[in-house]
*Asks:* 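For reference, the structure I am asking about is given below.
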Amino acid sequence: MSSRTKMLTRRAMLAAGTAGLLGVRAKAVVSDASLRVRAAKRGMLYGTCAGSYQLRDGEFADVLAYEANAMVPEYELKRDTLEPRPGVFDFSGADALTDFAHAHGMKMRGHTLVWYAANPPWLEAAVTAAKNEAVFADYIASVMGRYRGRIASWDVVNEAVWPQDGRSDGLRDCCWLRRFGPGYIDSAFDAARRADPSAQLVYNDWGCEGAERWNDDFRKHTLKLLEGMKKRGVPVDAYGMQGHFRAYRPGGTLDASKLKAFLAEIRALGYRLVVSELDVDDDGGPADAKVRDAKVADITARFLAPVMESGICDAILTWGLTDRYLRGKIIPQDMWISLPRKLPLDASLRRKDMWWALAKAFR
Ligand code: 9MR
């Protein structure tokens, strides 16, 4: 922990709602240990996505440094932000986040290099007309090269599986696949390994967490993809399981035994695991926030039990630390009451049941 973080610890704890205890008994400091301390005790990381605009919110920045030892940019390492015009790069947001993370002893994750979404408007035509794979390999070399040794783990390819498109291999019909065929995934990982041999390379997706029939299909195709890459010697180190749940909407449930079996297969293939984007949407739930908070925490706990049991998980990142921000904006206090409650801290940075579910998972 950096000296600034240490200095901030008390302030951050107060903000996190432990004021009464701390004033009275030093012992409470131990039992109220941050998520980063709890994760580190298990040799793991706890982190969150963030945007550079959030760092200007000093109260939040203190709590971020206090609670998290890992961070991933929510959008500032996506190609639409990084390369708005061909060859013209803007690294300002990603640099600010990386500097903050390193100043506070946090590891950085990079998200994401090859994806069908969040691309600049010019890219799709460029991919279609591309003579060769340089259209993604050079991009990977530039971006990963810039952060070589400074971003510890990268989502190299994101969401390449989409059985709903009807292909026998379950791959998503996107501009990369149409131009280069399924081999674009292998090539992206090869380029990533060349760009930073020390980085953990992750295939990141959603769709394997749930209990529905379509999730069974998703798991089958994902395992096939990962098995194939292992056989071909493609340099993939970990599977990134996003973990977006919806507590009160159809398809938002999970089945612990299916999840357990899936993670056993990931483990048998020799992959590590990263929970990369956990959140539990409470949309459609009852008016009583306490009831929704309990349900969100329950899903978190039931998801994290098999994850921790798998013995292969390096990091758990939530897709945000506090409910205070929505769609890239700081929400004013008079609107906090109507915000979704899907993250560990509420809008006033108080710990909710979900925070405690994470704390327990690290125990
Ligand atoms: O939360 C992200 C939002 O701010 C972006 O606009 C959007 C498109 O880039 O992506 C959101 O994050 C997604 C992530 O990159 C990939 N998995 C699903 C996430 C939530 O939609």
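Both ligands and their constituent atoms are indexed starting at 1 by order of listing. Just so you know, residue 1 is the first one in the sequence shown, and it goes up from there.
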*Asks:* Is there side-chain contact between Trp319 and Val72, with heavy atoms separated by less than 4.5 Å?
*Replies:*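 Yes. Closest side-chain heavy atoms under 4.5 Å.
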
*Asks:* So if I count the atoms of ligand 1 from 1 in the order they appear, which ones are less than 4.0 Å from some heavy atom of Gln242?
*Replies:* 17 (N), 18 (C)

*Asks:* Identify the closest protein heavy atom to atom 8 (C) of ligand 1: which residue and atom is it, and at what distance?
*Replies:* Lys78 NZ, 3.8 Å

*Asks:* Any protein heavy-atom neighbour for atom 17 (N) of ligand 1 (distance below 4.0 angstrom)?
*Replies:*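 So far as the 4.0 Å threshold goes, atom 17 (N) of ligand 1 is in reach of a protein heavy atom.
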
*Asks:* Angle class for the Phe91/Tyr147 ring planes (parallel below 30°, perpendicular above 60°, tilted otherwise)?
*Replies:* perpendicular

*Asks:* For ligand 1, is Trp206 a contact, meaning one of its heavy atoms is under 4.0 Å away?
*Replies:* no

*Asks:* Check the hydrophobic clustering (I, L, V, M, F, W, Y; side-chain heavy atoms under 4.5 Å; chains of links allowed) and say if Leu326 and Leu55 are grouped together.
*Replies:* no

*Asks:* Is Leu97 reachable from Val63 through a run of hydrophobic residues whose side-chain heavy atoms are each under 4.5 Å from the next?
*Replies:*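 The answer is yes; both residues are in one hydrophobic cluster.
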
*Asks:* If you count the atoms of ligand 1 from 1 in the order shown, which ones are under 4.0 Å from a heavy atom of Ala118?
*Replies:* 9 (O)

*Asks:* Does the residue Glu159 have a heavy-atom contact with ligand 1, meaning some pair of atoms that are separated by less than 4.0 Å?
*Replies:*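 Yes; Glu159 lies near enough to ligand 1 that a heavy-atom distance drops under 4.0 Å.
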
*Asks:* Quick one: does ligand 1 sit under 4.0 Å from the side chain of Arg327, the backbone, both or neither, non-hydrogen atoms only?
*Replies:*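 For Arg327, no heavy atom sits under 4.0 Å from ligand 1.
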
*Asks:* Is a salt bridge present between Arg302 and Asp298, judged by a nitrogen-to-oxygen distance below 4.0 Å?
*Replies:*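 Judged by the 4.0 Å cut-off on N to carboxylate O distance, Arg302 and Asp298 do form a salt bridge.
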
*Asks:* Can you check whether His111 has an N/O within less than 3.5 Å of an N/O in ligand 1?
*Replies:*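 Yes: some nitrogen or oxygen of His111 is under 3.5 Å from one in ligand 1.
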
*Asks:* Among all protein heavy atoms, pick out the one at the shortest distance from atom 19 (C) of ligand 1; state its residue, atom name and that distance to 0.1 Å.
*Replies:* Glu277 OE1, 3.3 Å

*Asks:* Is the distance between the ring centroids of Phe180 and Phe136 under 6.0 Å?
*Replies:*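 Between Phe180 and Phe136, which both carry aromatic rings, the centre distance is below 6.0 Å.
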
*Asks:* Are Met308 and Ile316 close enough that some pair of their side-chain heavy atoms sits under 4.5 Å apart?
*Replies:*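 Counting from C-beta outward, Met308 and Ile316 do come under 4.5 Å.
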
*Asks:* Students should be able to answer this: which protein heavy-atom is nearest to atom 2 (C) of ligand 1, and at what distance?
*Replies:* Glu74 OE2, 3.4 Å

*Asks:* Look up atom 4 (O) of ligand 1 and tell me if a protein heavy atom lies less than 4.0 Å from it?
*Replies:*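 Yes, at least one protein heavy atom sits under 4.0 Å from atom 4 (O) of ligand 1.
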
*Asks:* With the threshold set at 4.0 Å, does a side-chain nitrogen-carboxylate oxygen contact exist between Arg167 and Asp169?
*Replies:* yes

